[in-house]
Undergrad: 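This is the structure, below, for whatever I ask next.
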Amino acid sequence: PINQNKYLINGELCKWQGDFQNVYSPIYVRTENNSSNLIGSYPLMDKETALYALESAVNAYNNGQGEWPRMPIEQRIDCLKNFVSLMKEQKNLVVNLLMWEIGKTLKESEKEFDRTIEYINDTIEALKDLDRDASRITIKQGIIAQIKRAPLGVVLCMGPFNYPLNETFTTLIPALIMGNTVVFKPAKLGVLLLSPLLNAFKSAFPKGVVNIVYGRGRNVIEPIMTSGKINVLAFIGSCNVANTLKKQHPYPHLLKSVLGLEAKNPAIILSDAEIEHTIKECITGTLSFNGQRCTALKILFIHEKIYDIFLEKFTSAVDNLNLGLPWDKNVDLTPLPEKDKPMLLQEILEDAIKKGAIICNKNGGIVNETSFFPVVLSNVNETMRIYHEEQFGPIIPIVKFNDIQEPLKYVINSNFGQQASIFGNDAIQISKLIDALVNQVCRVNINSQCQRGPDIFPFTGRKDSAEGTLSVSDALRVFSIRTMVAVKETESNKK
Ligand code: G3H
């Protein structure tokens with residue numbers, strides 16, 4: 001077990017003397033005694049320690065006059081490069097913890113690590129471009145102007161459990177490189193895998209620039225938010241938590257929010273869709289990492305002309321998937337890390353079945369306390385929870401349609417607006433659909449599942465799905481503000 005008894009605040013790795021939170025793996029260790037899945041513990045911090053972390057970030061920022069916010073960009077880039085090389089040394093340990101802590105497959109865990117390194121390197125390149133643009137001089141109506149980007153202040157970063165490394169870093173890294181200082185709280189699941197990186201944070205950044213807190217939101221986050229000293233809230237998770245956090249800030253007009261929230265991305269499968277290709281995309285679209293991705297396809301609308309054949313083939317493809325352990329060869333599905341998740345999925349399922357939905361596949365349902373084999377659910381309609389709510393797990397609701405207005409109405413009325421997929425070949429029908437959908441969601445995928453990457457593309461959403469945009473270069477903008485020096489042209493400076 002990893003007993004993480006050290007924490008990083010104000011540039012020091014201090015030893016935690018208070019209570020600890022045990023961490024249990026969702027993986028059933030194959031021994032006679034299943035309780036051996038205890039994999040470590042982390043500090044359950046109190047209010048005083050959380051406020052010390054905040055003060056350290058506030059002091060390091062020092063109203064924009066601290067060493068970090070005033071450091072030339074090239075030097076900040078050097079710090080980040082140093083961080084990357086220290087981080088790379090920890091790959092094995094981090095990948096192992098991704099598997100044990102959140103049950104991500106070996107392949108996906110390695111991908112998450114490598115994608116994060118690539119994200120940081122791309123951020124460095126994007127920053128160089130941004131800086132090059134900024135050093136250009138503009139002369140207009142007798143004014144010589146130089147426009148730069150400056151930091152915003154103290155950022156509270158909170159990442160999600162499904163991408164505890166990669167997605168968390170899509171706010172943390174741009175916030176840091178733009179000269180802000182940070183208080184960072186990892187999600188409830190996936191805390192231990194950040195322990196191997198504590199030394200890298202400590203060595204790469206000046207004191208107080210990165211401060212990491214752990215524990216219950218009530219004890220740790222509420223005091224930080226109610227202090228009114230946070231300038232930017234960077235949160236990826238549920239709408240409810242985001243709304244609660246925003247309300248805790250005493251001066252909402254002084255808080256900028258950068259949010260990645262929930263989604264209910266539909267696939268609209270037209271009558272001329274290529275069946276085999278569409279099934280392949282919809283299997284990974286709905287079920288990679290067990291459907292625990294905000295970008296997952298969370299409802300399928302299938303045209304009645306191909307409905308029967310599609311459903312039969314899709315259902316048998318789902319039943320042929322392998323549920324196993326993250327390091328198993330050919331594993332597709334793994335245990336779910338959220339507490340009681342199979343039971344919660346079962347409740348959503350029962351609600352739908354009571355209202356007329358039908359389970360189509362043989363193997364679907366609860367396997368044990370942490371595993372749930374995917375359920376293909378047909379006859380789904382708007383009276384059911386599964387039609388509207390984000391399931392964030394392996395239930396695939398299916399709706400039959402004959403008029404394209406039906407899925408369109410679904411997207412228009414949804415509380416969410418992240419992405420949608422269209423599968424088909426009729427260019428005229430698809431282009432009409434695209435025109436309708438681009439005003440509802442932020443990415444329309446043609447003959448492809450929904451996804452965030454490649455990370456240079458803008459990643460955002462409408463309605464309850466997001467606030468602010470998180471591509472590599474957009475994120476640099478979101479965590480900074482444009483400032484300008486304007487010099488009046490005179491006879492002498494004209495020369
Ligand atoms: O959970 C939401 C993630 O941003 C999804 O990212 O599409 O790369 O899996 P992904």
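Counting convention: from 1, in listed order, for ligands and their atoms alike.
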Undergrad: Please list, chain by chain and in numerical order, all residues satisfying ring-ring contact (aromatic ring centres under 6.0 Å, His included) with F301, sequence neighbours excluded.
TA: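 Checked F301 against ring-ring contact (aromatic ring centres under 6.0 Å, His included); matches are Y410.
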
Undergrad: Can you confirm whether more than 12 heavy atoms, excluding those of K188, are under 6.0 Å from its NZ atom?
TA: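 12 or below, so no.
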
Undergrad: Mind checking whether F169 and F83 have parallel, tilted or perpendicular rings, split at 30° and 60°?
TA: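 The arrangement is tilted - the two ring planes meet at 30° to 60°.
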
Undergrad: Can you check side-chain contact (heavy atoms from CB on, under 4.5 Å) on Y42 and Q21, steps first, answer last?
TA: CA-CA 5 Å; Y42 62 83; Q21 172 69 52; 3.5 Å; yes

Undergrad: Between Q391 (side chain only) and L345 (backbone N and O only), is there a donor and an acceptor less than 3.5 Å apart?
TA: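 Pair absent, no side-chain N/O of Q391 close to backbone of L345.
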
Undergrad: Starting from the N and O atoms of ligand 1, find every protein N or O within less than 3.5 Å and list the pair with its distance.
TA:
| residue | atom | partner | partner atom | Å |
| --- | --- | --- | --- | --- |
| ligand 1 | 1 (O) | N162 | ND2 | 2.7 |
| ligand 1 | 1 (O) | C294 | N | 2.6 |
| ligand 1 | 4 (O) | E167 | OE1 | 3.1 |
| ligand 1 | 4 (O) | E167 | OE2 | 3.0 |
| ligand 1 | 4 (O) | R452 | NE | 2.7 |
| ligand 1 | 6 (O) | R452 | NE | 3.1 |
| ligand 1 | 7 (O) | R293 | NH2 | 3.1 |
| ligand 1 | 7 (O) | T295 | OG1 | 2.6 |
| ligand 1 | 7 (O) | R452 | N | 2.8 |
| ligand 1 | 8 (O) | R115 | NH1 | 2.8 |
| ligand 1 | 8 (O) | R115 | NH2 | 3.0 |
| ligand 1 | 9 (O) | Y163 | OH | 2.4 |
| ligand 1 | 9 (O) | R293 | NE | 2.7 |
| ligand 1 | 9 (O) | R293 | NH2 | 3.4 |

Undergrad: Mind checking the CD-CD spacing from E110 to E108? Nearest 0.5 Å is all I need.
TA: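 Between E110 CD and E108 CD, I get 10.5 Å after rounding to 0.5 Å.
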
